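See below for the structure under consideration.
Everything numeric here is computed off the predicted structure, so don't read it as measured data.
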Amino acid sequence: MKKINKILVANRGEIALRVMRTAKEMGIKTVAVYSEADRNALHVRFADEAVCVGGPKSSESYLRGDVIVEVCKQLDVDAIHPGYGFLSENAGFAKKVKEAGLIFIGPSPEAIELMGSKLAAKAAVAKYNIPMVPGTEDAITDVEEAKQIAKQVGFPILIKASAGGGGKGMRVVDSVEQFEEQMQLAVSEATSAFGDGSVFIEKYIGSPRHIEIQVLGDTHGNIIHLFERECSIQRRHQKVIEEAPSAVLTPELRAEMGRCAVNVAKACDYVGAGTVEFLVDENLNFYFLEMNTRLQVEHPVTEQITGLDLVKEQILIAEDNPLSFAQEDLEIYGHSLELRVYAEDPTNNFLPDIGRLETYKRPQGLGVRVDDGFEQGMDIPIYYDPMIAKLVTFGKDRQEAIDKMLRAIDEYQITGIETTLPFGKYVLQHEAFVSGNFDTKFIERYYTPDVLNLQLDSAAEEIGVALTAMLLNDSKGRTTNNATTSNGQNASNWRKNRTK
């Protein structure tokens, strides 16, 4: 068995704090790395030690694996936790960590490399008879050959970057006439984003649900799954709202998808926490999509319904401890939702709205969890992902989790920037979401900025009525100055603060 005494968290923001809190509970010292833009960040203040590793851009700091490994040597660090994003799925970095005699809290470099290529991953899991979306088995570079394959698969088809993620290098093609232009765009974007222009073709499933399975594997050959997460509410192919469990999976389908996810992990001798992603069509047929070889942003909803600390399990696994529970020991308790609170304007195509958090007050109460890395008065840096926080709720059932989320959204006070909080409220009150009858096309089908503006205008009108009533009461002998809304804003500035 290995003993970890000090962990360097090669990340920033809420995930760095998330890892450090668990490490502290386990009696493990922590080291933060930070960029010049994050000098006053909360994760820097929370860690036992902190080292600046470069300039504000990721390429100058958080992506400098060689510098991070050198910091570990200087500070007698035992292990590196990569969080998510940045170097978390960089096989070369994981290899450097291992060669330096350090523990990488994650899977092997070989597993990261294998599952980092969608085509290689499909080939690796083929022997387990896992359902696959019809398409090519190899990378395609010749446009005419690819066009013929697309005709065989049948339009619409999806062109995808083999090394892709986050919706980059992905193009939906409805007809053969569009194919050549869209393929060239996909190859160009994939080359720019990942340094790898290889693409492949698969049948486009028009109305899928995005459902993923959390897995854990130890160094003793044990691999189990921790049920599913529903991640179908997305913008630009990126998740905004997640929940566990899914509203549509039957116990039988859950068990079958879990079995397939475990087999995917077995195909690459997986160690640590990972996620196997599936597409599920309107008839509840499911297809393997990819495996993410890291901790997911949305891992808190799994923690809520299982009672497990996934970061603690990652650390224990990295110390060569066997899993302390078996598949049959796990049960689903209640229901959990997560809303990613982004510094984005949902009335302006979800464009980033970087600025200062003039007001920042978190919601509280039973069943509410906020994972964040900011406090009032801090700026949202322009250099990184614009996520401010993850707002998580838990209830005895799905409706209670929704009710708690709606209350928490109303209680969350953020001014100075636009956020996805109003969008989250719109989704949670929509009939399609409440009924569970939705898929990844939710925004396309049901959402426009005008719809949200109407909702916000209605809220403003309600505030105006309440203020009028309050002023009438005050006319009976009291004077009111600087009336504020329930969100703590000056009432006369409510609309202005929202739209500026």
Side-chain angles (χ1 to χ4, degrees), residues 207-214 226-235 239-255 257-258 280 282 284 296-308 330-342 346 362-371 389-413 419-443 445-447 451-452 454-456 458-459 462 486-487:
S207 300
R209 299 179 79 112
H210 186 144
I211 296 179
E212 60 191 29
I213 306 289
Q214 177 73 58
L226 278 67
F227 314 114
E228 81 279 3
R229 295 187 288 257
E230 170 80 62
C231 307
S232 298
I233 304 296
Q234 305 179 359
R235 53 95 179 92
K239 306 159 190 172
V240 184
I241 296 176
E242 301 100 348
E243 63 179 307
S246 168
V248 296
L249 261 59
T250 63
E252 294 76 19
L253 184 56
R254 177 175 294 116
M257 291 180 71
V280 180
E282 62 271 21
L284 295 184
Q296 293 279 88
V297 175
E298 58 273 18
H299 76 273
V301 294
T302 296
E303 294 183 325
Q304 297 292 86
I305 66 164
T306 61
L308 294 171
L330 298 172
E331 294 182 48
I332 294 175
Y333 300 97
H335 200 97
S336 183
L337 294 168
E338 175 180 293
L339 169 63
R340 301 190 190 187
V341 184
Y342 284 106
R362 305 168 185 84
Q364 300 181 41
L366 185 65
V368 175
R369 166 178 169 178
V370 179
D371 285 15
K390 301 182 308 197
L391 176 58
V392 184
T393 60
F394 175 78
K396 67 178 185 296
D397 54 32
R398 188 169 187 263
Q399 188 57 55
E400 184 171 282
I402 290 174
D403 292 341
K404 286 181 181 292
M405 181 64 79
L406 289 170
R407 187 267 294 173
I409 290 172
D410 285 341
E411 193 177 323
Y412 216 145
Q413 298 179 34
T419 75
T420 48
L421 285 170
F423 172 74
K425 186 171 184 178
Y426 170 78
V427 174
L428 267 67
Q429 293 177 317
H430 197 281
E431 180 183 358
F433 185 85
V434 173
S435 68
N437 184 26
F438 63 94
D439 53 45
T440 55
K441 293 297 185 84
F442 180 93
I443 288 180
R445 286 198 181 97
Y446 305 118
Y447 175 76
V451 170
L452 190 57
L454 286 171
Q455 183 186 65
L456 292 170
S458 176
E462 290 178 10
S486 60
N487 283 330

Practice problem: List the steps and the verdict of side chain to side chain contact (heavy atoms under 4.5 Å, CB included) for Ile332 and Thr306. | Solution: CA-CA 6 Å; Ile332 294 175; Thr306 61; over 6 Å; no

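- Between Ile305 and Ala244, the shortest heavy-atom contact is CG2-O, 3.4 Å.
- Take Glu282 and apply the side-chain hydrogen bond (donor to acceptor under 3.5 Å, both in side chains) test, not counting sequence neighbours, and it matches no residue.
- Side chain to side chain, Gln234 and His210 meet the donor-acceptor criterion of an N or O pair below 3.5 Å.
- In plain terms, the two heavy atoms of Asp371 and Pro300 that are nearest each other are OD2-CG, 3.9 Å.
- Separating the NZ atom in Lys404 from the CD1 atom in Ile409 is a distance of 14.0 Å, to the nearest 0.5 Å.
- In terms of the salt bridge (Lys or Arg N to Asp or Glu O under 4.0 Å) criterion, residue partners of Glu242 (sequence neighbours excluded) are, by chain and number, Arg340.
- Residues satisfying the side-chain hydrogen bond (donor to acceptor under 3.5 Å, both in side chains) criterion with Glu243, sequence neighbours excluded, are His335, Arg398.
- Considering CD of Glu298 and OG of Ser336, their distance stands at 11.5 Å, rounded to 0.5 Å.
- Between the CG atom in Asp403 and the CE atom in Met405 there is a gap of 11.5 Å [rounded to 0.5 Å].
- Each of Glu338, Gln296, Lys239 was compared with Cys231 under the side-chain contact (heavy atoms from CB on, under 4.5 Å) criterion, and only Lys239 meets it.
- Remark: Tyr447 engages Phe350, Phe423, Tyr426 in a ring-ring contact (aromatic ring centres under 6.0 Å, His included) (not counting sequence neighbours).
- Pro363 pairs by the side-chain contact (heavy atoms from CB on, under 4.5 Å) definition with Val368, Val370, Leu391, Ala408, Glu411, Tyr412, not counting sequence neighbours.
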For this session: Run the numbers on Ile402 and Gln399 for side chain to side chain contact (heavy atoms under 4.5 Å, CB included), then give the verdict.
Result: CA-CA 5 Å; Ile402 290 174; Gln399 188 57 55; 4.2 Å; yes

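- Leu428 places a side-chain heavy atom less than 4.5 Å from the side chain of Ile241.
- A donor-acceptor pair under 3.5 Å is absent between the side-chain atoms of Thr393 and the main chain of Gly367, judged by distance alone.
- Not counting sequence neighbours, the partners of Lys390 by the salt bridge (Lys or Arg N to Asp or Glu O under 4.0 Å) test are Glu14.
- Distance check: Leu253 CG to Ile211 CD1 gives 7.5 Å after rounding to the nearest 0.5 Å.
- Every residue meeting the side-chain hydrogen bond (donor to acceptor under 3.5 Å, both in side chains) condition with Arg209, not counting sequence neighbours, appears here in chain and number order: Glu230.
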Determine whether Thr302 and Phe227 satisfy the following criterion, side chain to side chain contact (heavy atoms under 4.5 Å, CB included), listing intermediate values before the conclusion. CA-CA 8 Å; Thr302 296; Phe227 314 114; over 6 Å; no

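- A side-chain donor-acceptor contact under 3.5 Å links Thr420 to the backbone of Tyr342.
- Pairing each heavy atom of Phe433 with each of Leu337, the nearest pair is CZ-CD2, 4.1 Å.
- Residues passing the side-chain contact (heavy atoms from CB on, under 4.5 Å) test with Ser435 are Asn437, sequence neighbours excluded.
- Every ring-ring contact (aromatic ring centres under 6.0 Å, His included) that Tyr446 has, sequence neighbours left out, goes to His430, Phe442.
- Glu303 is linked by a side-chain hydrogen bond (donor to acceptor under 3.5 Å, both in side chains) to Arg18, Arg369, counting only residues two or more places apart in sequence or in another chain.
- Going from atom CD1 of Ile213 over to atom CE of Met257 covers 4.5 Å, rounded to the nearest 0.5 Å.
- When only modelled atom types and interatomic distance are considered, Arg445 and Ser207 share a side-chain donor-acceptor pair under 3.5 Å.
- Residues that satisfy the salt bridge (Lys or Arg N to Asp or Glu O under 4.0 Å) test with Glu400, not counting sequence neighbours, are Lys396.
- Taking the salt bridge (Lys or Arg N to Asp or Glu O under 4.0 Å) definition, one finds that Glu228 meets it with Arg254, sequence neighbours left out.
- How far OG1 of Thr250 is from CG of Leu284: 7.0 Å, rounded to the nearest 0.5 Å.
- With contacts defined as side-chain heavy-atom distances shorter than 4.5 Å, the pair Leu308/Leu226 qualifies.
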